[in-house]
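We count residues from 1, following the sequence as given. Start at 1 and go down the list; that is how both ligands and their atoms are numbered.
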Amino acid sequence: MIQLHKVSVQYGSFTALHSTTLAFVPGQFTVLLGASGAGKSTLLRSLNLLARPSAGHITVDGVGELDHAGRVHEHRKRTGMIFQQHQLIARQSVLANVLLGRIGYHPAWRTMFPLPYGERRIALECLERVGLLHKALERVDCLSGGQQQRVGIARALAQQPRLMLADEPVASLDPASSRQVLAQLKRFCHEDGITIVVSLHQVDLACEYADRIIGLSHGHVVFDSTPDALTPVQ
Ligand code: ADP
Ligand code: ADP
């Protein structure tokens, strides 16, 4: 379990997140909902200390795990990140991109094939889980947007994460691909007991997939409940 205790994040004199206390538990698919500028990215980034709290602290499994640099590194190794624009390496194969989640990218790879068997096997299993095993040896930039985002999910899964953070992972996708991506994230959250936090700005998608919705507005939590408590405005 990862917990924020009265965490505030400031950019200069501007407070993007105000004294926020929240706990995230394994196996719960949490969606952060809010308008642009509400503080969704800041909250996600504070969960792996890409945004440093100016006040408050973060604990992992009750331990002040993120108090030391070494622990922050360990925490990040177990945190899979998924981005709106995939952050995949063009011109490389799908498989090489997934292996990035395991052993990091190095140009020397081009002369390092075959890669370690165990690493390849884990990467291929992750590709199978997102339904893209048949694309493993294709260039990643030849895939559709939805498929590329699923490669991003496979890359995060290959890290065998305990926490997965996805910042607007479906913002650039069509509705069908968006649903496929969210359904897969939710499935892996439940199957693997990963703590997953996803930011969205579409209320309908949040209600359809989230176990828990946290509403943010101007850096404050204004809502924290199950989707059925969020009555759609007619
Ligand atoms: P969201 O993800 O909900 O769109 P953000 O967390 O990105 O919101 O931003 C929250 C607020 O913090 C916004 O007003 C934004 O302009 C501001 N902000 C975000 N990042 C920075 C930064 N690096 N420097 C200054 N202000 C920032
Ligand atoms: P698309 O992304 O357009 O669905 P793909 O080539 O990735 O195309 O998918 C091929 C087939 O695999 C499709 O019928 C798709 O629905 C299915 N598929 C997608 N994801 C999974 C999955 N996680 N497990 C099994 N099959 C999947």
query: Which atom names give the shortest non-hydrogen contact between Q87 and R155, and what distance separates them?
result: O-NH1, 2.8 Å

- line: Residue set satisfying ring pair (Phe, Tyr, Trp, His ring centres under 6.0 Å) with H218, at least two apart, ordered chain then number -> none

query: Name the residues with a heavy atom less than 4.0 Å from ligand 1?
result: Y11, F14, A16, A35, S36, G37, A38, G39, K40, S41, T42

query: Between K77 and E74, is the closest basic N to carboxylate O distance under 4.0 Å?
result: yes

message: When you compare the side chains of H201 and S36, does any donor N or O come within less than 3.5 Å of an acceptor on the partner?
response: no

task: May I ask you to decide whether R129 forms a salt bridge with D192, counting only side-chain N to carboxylate O separations under 4.0 Å?
output: yes

N-O pairing of D224 and R212 below 4.0 Å: yes

